[in-house]
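Quick caveat: nothing in here was measured; it's all calculated off a predicted structure.
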Amino acid sequence: MSVYVKRGTSRQIAFEAAGLQDLRACGARVAELAQVDDTSLATVTIQETSPTQQAAYEFGTMLAGLHENGSDRVFGQAPPGFDLAEHGEGTMGQERLPLVSPGAQPRAWGVFYAEDRILPYLGSAVSNGSIDTDGAQAIEALAERLRDGAFDTDDRPSVLHGDLWSGNVLWSADGGVLIDPASHAGHRESDLAQLTVFGAPHWDDITAGYESVRELSEGWNERIGLHQLHILIVHASLFGGSYGRQTVRTAQNYL
């Protein structure tokens, strides 16, 4: 059996392993865990192939099924197998980027998204020069609108992959397989929106498959940019450059 080995800190490994296990338990097709220890995990190698329209449609149905889980959780909650008392919070991208708030309490989605998914990354994006003072003010103004509930919907928390850019979907003969999760309870539109940041194959088929299981809330396609903001500002924080400008332009669309 061929495996792919990933190494990291105990916190990173524990968080990813818990996410893979939770996503699988909630019905998603994920990379199969072969071994986990304190600083590494191994997953069974996925034999990749080109995605088809049918595979994309079925991936959409799978994603909708995944999102049916989590209504009993709170926004920001880590996968059940992740020990917050031991590890603190989850991570994304690199060890220095926080993801899940310890002891998350019930709160509206907009509050969670502003305080845990946007503002924690603003300082480092300003420090590396990718977001200037005016841009920071725009993002802070959007965060205030989020806190005020301007973009909240009736959607309950859903179990998310949490970092669902197209590179974290590998296409096999069995369909789309999820890898490298940053899983938590969040808004289901976030997973879909993140797929579009760098482009997803057969996007219309993915959304058609999704809505064959569960319709999206009215105006969801107008909120795609809003739900992209987390992954955009994470990139601005990590890599700087044009990601900062893209983050600000996107935020300004919602002011």
Short question: side chain of [X], backbone of [Y] - any donor-acceptor pair under 3.5 Å?
X      : Y      : result
Asp132 : Asp134 : yes
Asp38  : Ser10  : no
His161 : Gly19  : no
Thr49  : Ala173 : no
Asp205 : Ala56  : no
Asp191 : Gly162 : yes
Thr250 : Gln246 : yes

Looking at side-chain heavy atoms only, is the closest gap between [X] and [Y] below 4.5 Å?
X      : Y      : result
Ser217 : Asp154 : no
His184 : Phe112 : yes
Arg188 : Leu216 : yes
Ile139 : Ile131 : yes
Glu189 : Leu226 : no
Val177 : Arg29  : yes
Leu142 : Leu229 : yes
Trp109 : Leu146 : yes

Roughly how far apart are [X] [atom1] and [Y] [atom2], rounded to 0.5 Å?
X      : Y      : atom1 : atom2 : value
Leu178 : Asn168 : CG    : CG    : 8.5 Å
Leu255 : Glu144 : CG    : CD    : 11.5 Å
Glu222 : Tyr254 : CD    : OH    : 8.0 Å
Arg245 : Leu232 : CZ    : CG    : 13.0 Å
Leu66  : Thr61  : CG    : OG1   : 11.5 Å
Ser183 : Asp22  : OG    : CG    : 5.5 Å

Nearest heavy-atom pair of [X] and [Y]: which atoms, and what distance?
X      : Y      : result
Pro201 : Trp171 : CG-NE1, 3.9 Å
Val5   : Ser40  : CG1-CB, 4.4 Å
Arg73  : Pro79  : NH1-CA, 4.4 Å
Ala143 : Ala114 : O-CB, 3.7 Å
Cys26  : Asn69  : O-ND2, 3.1 Å
Gly81  : Ala18  : C-CB, 3.7 Å

task: Using the side chain to side chain donor-acceptor pair (under 3.5 Å) rule, pick out the option among Thr43, Asp180, Thr39 that qualifies with Lys6.
output: Asp180
Answer with yes or no whether the hydrophobic clustering places [X] together with [Y]; edges join I, L, V, M, F, W, Y residues whose side-chain heavy atoms lie under 4.5 Å apart.
X      : Y      : answer
Val234 : Leu119 : yes
Tyr121 : Phe239 : yes
Leu238 : Ile233 : yes
Leu63  : Val197 : no
Leu160 : Val169 : no

task: Report the C-alpha separation of Arg107 and Val74 in whole Å, then their side-chain angles, then the decisive distance to 0.1 Å, and conclude whether the side chain to side chain contact (heavy atoms under 4.5 Å, CB included) test is met.
output: CA-CA 7 Å; Arg107 53 193 165 158; Val74 299; over 6 Å; no
field: side chain to side chain contact (heavy atoms under 4.5 Å, CB included) evaluation trace for Asn221 with Thr207
entry: CA-CA 10 Å; Asn221 54 336; Thr207 55; over 6 Å; no
- prompt: Gln137 and Thr133: side chain to side chain contact (heavy atoms under 4.5 Å, CB included), yes or no, with the steps?
  reply: CA-CA 6 Å; Gln137 290 175 347; Thr133 301; 4.0 Å; yes
His202 ring center within less than 6.0 Å of Phe59 ring center: no
- prompt: Taking the six-membered ring for Trp, is the centroid-to-centroid distance between His187 and Phe75 below 6.0 Å?
  reply: no
task: Identify, with sequence neighbours excluded, every residue that meets side chain to side chain donor-acceptor pair (under 3.5 Å) alongside Gln35.
output: Asp37
field: Glu32: side chain to side chain donor-acceptor pair (under 3.5 Å) partners, not counting sequence neighbours
entry: none
task: Establish, from distance only, whether the side-chain atoms of Ser172 and Asp174 form a donor-acceptor pair under 3.5 Å.
output: no
- request: Inspect the surroundings of CZ in Arg24 and state if more than 12 heavy atoms from other residues, nucleotides or ligands are less than 6.0 Å away.
  value: yes
message: Please determine whether side chain to side chain contact (heavy atoms under 4.5 Å, CB included) holds for the pair Phe82 and Glu16, giving the CA-CA distance in whole Å, both sets of side-chain angles, and the decisive distance to 0.1 Å.
response: CA-CA 9 Å; Phe82 183 71; Glu16 182 165 335; over 6 Å; no
Report the relative orientation of the aromatic rings in [X] and [Y]; use parallel for angles under 30°, tilted for 30 to 60°, perpendicular for over 60°.
X      : Y      : value
Tyr210 : His67  : tilted
Tyr243 : His235 : tilted
His227 : Tyr113 : tilted

